[in-house]
Number of protein chains: 2
Amino acid sequence: MNELGELSNQLSVFRAKKGYSQAEVAKRIGVSRQTIISLEKNKYSPSLKLAFELAYLFDTGIEDIFQYNLKGED
Amino acid sequence: MNELGELSNQLSVFRAKKGYSQAEVAKRIGVSRQTIISLEKNKYSPSLKLAFELAYLFDTGIEDIFQYNLKGED
DNA sequence: TACGTATGTAATATATTTTTGACATTATGT
DNA sequence: ACATAATGTCAAAAATATATTACATACGTA
């Protein structure tokens, strides 16, 4: 796949706003705690479905949480 | 993972607007043609990265192409 | 008819995401 | 000092996404 951009996110910010622990987010979404940790540390790209679940939990849009920053642009 | 909603998309609509074949979309994004076919037929949830690449190709936002329709809501 | 293009299916292989479990660290409260 | 909660690391397994190849069908058109 192309690598036009780099994925980044503000998951920990949205999580802090809600006052949730990583474990609590994991439980609410129905994934493992490891998954939340890995996403916050930007280890890989989640499935679109998981991205939607997170956006829904945090009452916001996917693109408010996740950004795709095109390389070589500023 | 939770199944709060069902994923759907209008990939074929956006593709038609651009006048691209499935093969052309695949080539531009750098994935296989099978992947495009499977997504259009809603076989699985793509990675968020791929969703961003598609949105970028079609000059629109992820949530314009993909929807997460909450179950039991109308 | 024959050729090229577009879409589709199916099977198997590879890559990536997600789970599981065990353990370490730091901070807070008793 | 001890307990508990929160975050983190690591490794291996399981699940899902993606690639690859081969083949089928339909359509337009030379």
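Letters A, B, ... mirror the listed sequences (proteins, then strands); counts begin at 1. Model, not experiment: these values are computed from the prediction.
- Residue A/Lys43 has no polar side-chain atom (N or O) positioned under 4.0 Å from OP1 or OP2 of C/dT16.
- Distance, A/Met1 CE to D/dT18 P: 7 Å, rounded to whole Å.
- Donor-acceptor pairing under 3.5 Å, judged by distance alone, is present between the side chain of A/Gln34 and the base of D/dT9.
- In terms of polar N and O atoms assigned as donor or acceptor, the side chain of A/Arg33 never comes within less than 3.5 Å of the base of C/dG21 in a complementary pairing.
- Rounding to whole angstrom units, OH of residue A/Tyr44 and C1' of C/dT19 are separated by 9 Å.
- Cation-pi geometry between A/Lys17 and A/Phe14 is met: the NZ or CZ atom falls under 6.0 Å from the ring centre, inside 45° of the normal.
- Nucleotide D/dT16 holds its P atom 15 Å from the CG atom of B/Leu7, rounded to whole Å.
- Here A/Lys41 reaches the OP1 or OP2 of D/dT9: one of its side-chain N or O atoms lies under 4.0 Å away.
- Between C/dT5 and B/Ser21, no contact under 4.0 Å exists linking OP1 or OP2 to a side-chain N or O.
- Side-chain atoms of A/Tyr68 and B/Glu53 include a donor-acceptor pair closer than 3.5 Å.
- Minimum atom distance to the side chain of B/Pro46 is reached by D/dT18, of the listed D/dG8, D/dT18, C/dT7.
- A donor-acceptor pair shorter than 3.5 Å can be found between the side chains of A/Ser32 and A/Thr35.
- At the heavy-atom level, A/Thr35 lies under 4.0 Å from base atoms of the strands shown.
- Among D/dA19, C/dT7, C/dT18, the nucleotide with an atom closest to any side-chain atom of B/Val31 is D/dA19.
- Note: CZ (B/Phe52) to P (D/dA17) measures 18 Å, nearest angstrom.
- Checked against B/Glu24 for a side-chain contact (heavy atoms from CB on, under 4.5 Å), the options B/Arg28, B/Lys27, B/Gln22 give a single hit: B/Arg28.
- When heavy atoms are screened at a 4.0 angstrom cut-off, A/Ser38 is found touching no nucleic acid atom at all.
- B/Gln67 and B/Glu6 form no side-chain donor-acceptor contact under 3.5 Å, judged by distance and modelled atom types alone.
- B/Ser32 comes within contact range of at least one nucleobase, with a heavy-atom separation under 4.0 Å.
- In this structure, the CG atom of B/Leu48 is 14 Å from the P atom of D/dA17, given to the nearest Å.
- Note on B/Ser47: a side-chain N or O is less than 4.0 Å away from OP1 or OP2 of D/dT18.
- Grouping the Ile, Leu, Val, Met, Phe, Trp and Tyr side chains by contacts below 4.5 angstrom, directly or via other members, places B/Met1 apart from A/Ile37.
- Between the CD atom of B/Glu24 and the C1' atom of C/dA6 there is a distance of 12 Å, rounded to whole Å.
- Atom NZ of A/Lys27 is separated from atom P of D/dA6 by 11 Å (rounded to the nearest Å).
- OP1 or OP2 of C/dT7 sits under 4.0 Å from a side-chain N or O of B/Arg15.
- Side-chain proximity of A/Ile37 to the nucleotides D/dA19, D/dG8, D/dA17 is greatest for D/dG8.
- Separating the CG atom of A/Leu39 from the P atom of C/dT17 is a distance of 9 Å, rounded to the nearest angstrom.
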